[in-house]
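Just so we're on the same page: letters track the sequence lines, and every chain starts at 1.
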Protein chains: 2
Amino acid sequence: MTISALRQEFILHFGEMGSRWGINRTVGQVYALLFLSEQPLCADDIVGALGFSRSNVSMALKELQSWNLVRLRHRPDDRREFFTTPDDLWEIVRCLIAERRKREIDPTLTKLRELTMTAPDPADAGAHARMAELRQLIEQMTRFHDDLAHMETERLVALLNMGARLGRIVDGAGRLIPIRRQKPS
Amino acid sequence: MTISALRQEFILHFGEMGSRWGINRTVGQVYALLFLSEQPLCADDIVGALGFSRSNVSMALKELQSWNLVRLRHRPDDRREFFTTPDDLWEIVRCLIAERRKREIDPTLTKLRELTMTAPDPADAGAHARMAELRQLIEQMTRFHDDLAHMETERLVALLNMGARLGRIVDGAGRLIPIRRQKPS
DNA sequence: TGTCTGTTTCAGAAATTCCTGAAACAACGG
DNA sequence: CCGTTGTTTCAGGAATTTCTGAAACAGACA
């Protein structure tokens with residue numbers, strides 16, 4: 001399979017960024033390929049397009065599935081598995097945030113709870129307090145994320161687009177300020 | 001230097017999580033140590049506490065400085081450099097978000113702009129459109145982040161604490177709904 | 001200038017992660 | 001039961017990243 005220069009460059013970029021994003025080159029490239037592809041692709045399509053080994057592609061697909069970043073499709077009279085990415089980009093963003101939280105935040109929160117739930121040894125009072133403070137902050141942020149995660153995309157996007165205007169609904173002391181309907185968009 | 005079991009466990013955890021967070025074990029441990037420490041520490045203190053080589057610690061400190069996660073201190077009549085983490089956790093969160101954006105998002109945004117600014121070759125229309133869509137979404141999110149980054153912490157925390165109630169200020173179609181002052185906290 | 005105290009750089013050793021090809025496995029149809 | 005088609009596992013080689021010790025560097029001061 002041959003790939004246009006435009007696609008090629010996008011795919012290579014995702015491969016390079018992969019390590020910064022906590023995935024590897026193969027996973028990055030496979031994802032980029034699927035993201036751009038109009039039709040679902042099977043593992044061998046990907047091997048043909050990117051030139052990785054079959055097993056490497058298999059691993060990459062498994063990894064992407066564990067991230068919930070690809071959807072599995074089947075065709076009638078075809079035993080092969082075909083893969084796509086969700087069309088809705090916001091769904092992708094939600095997945096990314098949820099997975100990163102699961103991998104990068106939750107384990108630390110668990111550890112912090114474990115470490116701060118026991119009574120503080122006086123000699124460690126400072127460290128204990130600092131951990132408790134961190135734990136509290138992370139809990140506050142994850143609670144907020146839980147709230148947003150349940151919200152419909154339209155509402156989220158509306159909030160997003162309010163941008164700086166959001167700040168106007170609370171005063172400097174964090175109290176709610178009554179607002180009036182703005183110009184309807 | 002000897003370290004209590006509580007601190008030890010926190011530090012080791014940060015070391016292990018380091019790779020998931022895009023830093024390495026040394027950097028993670030050094031950061032954790034500084035985070036817990038009541039006084040500023042110099043490089044040799046860190047070597048003594050963690051047992052890494054002097055040069056490794058030097059590299060780690062440089063890396064932390066590039067992330068803006070540590071502050072440099074000097075003592076009168078002492079040429080050594082001492083390091084601390086900011087006391088304000090929200091300042092740390094801001095740094096983290098800003099730096100991750102710079103490393104993980106901005107390069108991709110640049111690449112997407114580069115790839116989508118040229119007219120689409122008809123054969124690539126699909127891929128071009130998908131990239132444009134992604135670019136637009138990222139621009140929307142970074143614009144939002146820019147807005148929030150300028151906001152004072154009190155306001156941000158207030159918004160954070162509103163959580164799900166935030167959703168009530170926009171209706172399903174994304175239009176602003178007038179709200180009344182809630183019970184003053 | 002020489003030495004003392006501290007930081008930085010760098011080549012290569014050590015450790016880790018990534019990738020491959022081969023073999024094992026699994027499901028299906030004849 | 002066997003062959004066909006597809007997926008998964010795994011040992012080990014390749015590549016990358018991390019870490020170290022030694023040497024270079026930089027500034028202060030006698």
Trainee: Think Thr26(B) has a side-chain N or O under 4.0 angstrom from the OP1 or OP2 of dC19(D)?
Mentor: yes
Trainee: Quick check for you: among dC19(C), dT20(D), dT8(C), whose closest atom lies nearest to any side-chain atom of Arg54(B)?
Mentor: dT8(C)
Trainee: Would you indicate what Arg80(B) reaches in the nucleic acid, counting non-hydrogen atoms under 4.0 angstrom: base, sugar-phosphate, or nothing?
Mentor: sugar-phosphate
Trainee: Could you state the interatomic distance from OG1 (Thr116(B)) to CZ (Arg135(B)), rounded to the nearest 0.5 Å?
Mentor: 4.0 Å
Trainee: Between Asn24(A) and dT17(C), is there a contact of a side-chain N or O with OP1 or OP2 at under 4.0 Å?
Mentor: no
Trainee: Any chance the side chains of Arg71(B) and Thr84(B) put a donor and an acceptor closer than 3.5 Å?
Mentor: no
Trainee: Any donor-acceptor pair under 3.5 Å joining the side chain of Ser55(B) to the base of dG21(D)?
Mentor: yes
Trainee: With respect to the phosphate group of dT9(D), does any side-chain polar atom (N or O) of Lys62(A) fall under 4.0 Å of OP1 or OP2?
Mentor: yes
Trainee: Name the nucleic acid region contacted by Asn56(B), choosing base, sugar-phosphate or nothing; use a 4.0 angstrom heavy-atom cut-off, strictly under.
Mentor: base
Trainee: Does a side chain donor of either Arg7(B) or Ser37(B) reach within less than 3.5 Å of an acceptor in the other side chain?
Mentor: no
Trainee: What's the closest nucleotide to the side chain of Glu81(A) if the choices are dT7(D), dG21(D), dG21(C)?
Mentor: dT7(D)
Trainee: Asp78(B) has a side chain; which of dT9(C), dT9(D), dG6(C) sits nearest to it?
Mentor: dG6(C)
Trainee: Rounded to the nearest angstrom, tell me the gap between atom CZ in Arg25(B) and atom P in dA14(C).
Mentor: 15 Å
